[in-house]
Amino acid sequence: MRRTPVDKWLPSGVDDLEQAAWAAVRAGRSACVVAGPGAGKTELLAQRATFLLETGQCRYPSRILAISFKRDAAENLQARVGKRCPPGLSRRFTSVTFDAFTKGLVDRFASALPARWRLPNGYGDVSAIDKVRVKGFLSRHANSPAWGRSIAAMDPAAFESTVLGQWRLPVEQSDSQNATEFVANWWWFDQLRGRGAEPANLSFTMLNRLAELILRHNPLILRALRQTYPYVFIDECQDTSFAQYDFLLSVFGVLGVCVTAVGDEKQKIMEWAGAVPDVFARLRKDFDTEPIQLLCNYRSSPELVRIQHVLAQALDSSVEAAQSRQVAAIDVRDAAGIWSLDSTQSEARYVAEHVSRDMARRALRPRDYGLLVRQRAGDFEPLLAHEFANVGLRVRNEAQRLGRTTLQDLVIEPLVALYLGLLRLATRKRDRDTWLVVAETIRHLRAHDPGAESAGPVLGRRLAAFVRDLRTHLSSTPVGKETCELLLTKIDEFVDLESVAKAFPMYRSADTLSIVREAMQLHLVRSATSCLAWVDVLDAFEGTDCVPLMTVHKSKGLEFDTMVMIGLDDKTWWSYTPDNPEGLATFFVAVSRAKQRVVITHCSQRGSRAQVAPLFDLLRRAGVPETDLTVPALSGR
Ligand SMILES: Nc1ncnc2c1ncn2[C@@H]1O[C@H](COP(=O)(O)OP(=O)(O)OP(=O)(O)O)[C@@H](O)[C@H]1O
C-alpha cells in the first residue's frame, strides 16, 4: 500500500481540525490532550491512527493499541478508524477495553506466571469484589499484632481499587512490610490457594495485577508486546484506575512507546470506582507527555456551550471557554429549560407529548432524543414507556440486563453486527452497504480458518447462497421463541463460532463469546414478542424506532439532539453533595450530551430540592429558565 507523505496527509471524514488537534495528530512524542466535551477527542484519536497508518509512521507489521474503559467507546473508535482508512491498514488498529486487554493477556500467558501466582484450576466468572466480603475479611485480620490498627481503619469500599490496585505482585514470597502488603497477601492467598480444587476467584483489578506481573516477569513477552504496539492510545484517561495506571507505567512507560492520552478532568465520574486523582499531572511526569489543549466544541450549539461553561467553571475556575462549531437549529430561548411538575405521571406525559410534537415539527427520529436518569433506569421505565406509548412512541431501557451483559453493551458487539447484517440481507434486497460490511467480516473470519476457502469470488458466492437460503427460511417460518433460537443456530453453523473466537481478539476468552451469544438470543426472543413479521423483529432488536433511556454514566461519549434529564431532586440525586465534585461532574456529563436542547425535569412528588439546590443555582446563574407546569392547564390535564 502506498504511503502518504506526511506533509500531504489530510484528515478524512471531517473538513478540518483545530490547530492544536493537528499538533496532536502529528505529534512525534507522547502527548496528553485535555479538552472539554464535544471537542472531538475520540475523533482526534481516529485521525491520529489514520495519520500514523497512512503515512507509514506506524510501520508494518507494528500496530496501534487503543485502550478505552467501556465497550461502546472501544467499538466506536474501532468503527471510526474503519471508516477513515482502508481495511488493509485499519486491521492494524486494535481498540479494546482495559479489562479485555489485561484479561486476554492472562488467558494467553497464564502458564508464564511465577510459580507462586499460578492458577492450577483456572478462574471462575470475573466479578467486582463485594464490599460485605471485604468488611468480613478486614475484621478477621484486624487483630493482627503488627498491623491491626491500620487494617481496622481501612475503607472496605476502596479496598479493591487502592489496596489491591496499587500493589505490584512480588515474584517471590516475601515478608509483608506494611498493613497494605499484609492484607493484600492474605486476600490473594484466600482467592488463589485457599479454595482447594475450586477455580480462583478473581476481579478485573486482580486480573490486571496478574497481567502486569506476567509482563514484568517475562522480558521476552514484554518486548514482543512493545514491538507490536509502539503506539498506545488511552481514551477518557480521567477514569484510569490505580491498577490501570500502574499497568500502563510498568508496560508502556519506556522510551520507544509513544502514548497519546485524551481526557477531560471535568467529566471524571469514576472516582468512586477508584480513578487516579491527578492523572494528567502523573502522565506528564511519568510519560513526559506534551500537554495539548483543544478549545472547540463540535457537538453543542453556541447557547449550550455557554451554559456548559458556567457548569465547567464550577468544576474548574480556570477553565477556558470553548468555541461552538455547531450551528443552532432552534430558537436560543428554547435551548435549555427546567420543567417543574407535581406528579411523576404528569412529568412522563408532558415529556412524551413534547418529544412527539417536537419530533414531528423538526422531522427528527426517536434516537435523536435521550432520556437520562441518575441511576436505576428500570425504575423510570414503566411510566415513561406507558406515556410514550400513548403518543405512539416506544421507550427502550438501554441499561436493561440481558443475561450476563446489558443491552447497551450487546448492541455494539461485532458478533451482533454480523448476525444482524446477515438477517438484514435476508429481509431486504439490494442493501449494498450491509453487504460490503458482512462480506468483509466473513472474509476476515475465513482468513483465520486454515481449512476455509478465502478467495473473494468463492466467498461471495457462498455468502450469497447462504443469504438466499436464510431468506427462504424466514419466508416459510413464523416468528416465535423456538424459531428465533433455530434461526441463530442456523447462522452459528454458517459463521462458525470457533473462527469468530480466533478472528476477534475480544472473543478469545470463551466466556465472552458465550455471554454475547446467550444475550443475543435472549434479546431476539424478547424483540419477537408481539411481532408478526421478521423485519419488525429486527427493527425491535435494533431499537431504531425507540427513544433511548439510560443512566448518565451509560451516556458518556454519546450525543443527542435533545437530552431530557428526568428527575433532578434529592431522592434521585441522593448521593450528590456540594463538596464532592463527582456529582457535579455527572451533571455536567449529562448536560454536555445535547447538541441543541437540554431539558431538566423536577417533580415534587419524587423529591424535594434542598440537597440539589446548588445545581439549580448553577442553572439559574447560567440563565436557564424554569417553567412551572404544575398548573393544570399547562401540564395538559
Ligand atoms: N474536526 C471535526 N470536525 C467536525 N466535526 C467533528 C470534528 N471532531 C469531532 N466532530 C464531531 O463532534 C462530535 C463530538 O466528537 P467526539 O465524540 O470525538 O468528542 P469528544 O471530545 O470525545 O466528546 P465527549 O468527551 O463529550 O464524549 C461528534 O459528532 C464528532 O463527529
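Each ligand, and each atom within it, is numbered from 1 in the order the structure gives. The chain is numbered in sequence order, starting from 1. Since we're looking at a predicted model, the values are computed, not measured.
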Numbering as shown, the atoms of ligand 1 that approach Gly557 to under 4.0 Å (heavy-atom distance): 27 (O)

Heavy atom of Arg325, distance to ligand 1 below 4.0 Å: no

Donor-acceptor pair between Ser241 and Gln244 side chains, under 3.5 angstrom: yes

Shortest protein contact, atom 19 (O) of ligand 1 (heavy atom only): Gly40 N, 3.1 Å

Sequence-distant partners of Lys266, salt bridge (Lys or Arg N to Asp or Glu O under 4.0 Å), two or more places apart: Asp264

Side chains of Thr601 and Glu347, donor plus acceptor under 3.5 Å: yes

Taking atom 29 (O) of ligand 1 as the reference point, the nearest protein heavy atom with its distance: Glu559 OE2, 2.5 Å

Option with minimal heavy-atom separation from atom 5 (N) of ligand 1, where the choices are Trp22, Tyr298, Phe588: Tyr298

Which segment of Thr42 sits under 4.0 Å of ligand 1 when only heavy atoms are counted: both

From CG (Leu65) to OG1 (Thr228), nearest 0.5 Å: 10.0 Å

Contact atoms of ligand 1, heavy-atom distance to Glu43 under 4.0 Å: 8 (N), 9 (C), 18 (O)

Donor-acceptor side-chain pairing of Tyr369 and Asp358 below 3.5 angstrom: yes

ring-ring contact (aromatic ring centres under 6.0 Å, His included) partners for Phe287, two or more places apart: none

Ionic contact status for Asp561 with Arg362, cut-off 4.0 Å: yes

Ligand 1 versus Arg593: contacting region, heavy-atom distance under 4.0 Å: side chain

Identity and separation of the nearest protein heavy atom to atom 20 (P) of ligand 1: Lys41 N, 3.5 Å

Per-atom contacts, ligand 1 versus Leu17 - under 4.0 Å to a heavy atom: 1 (N)

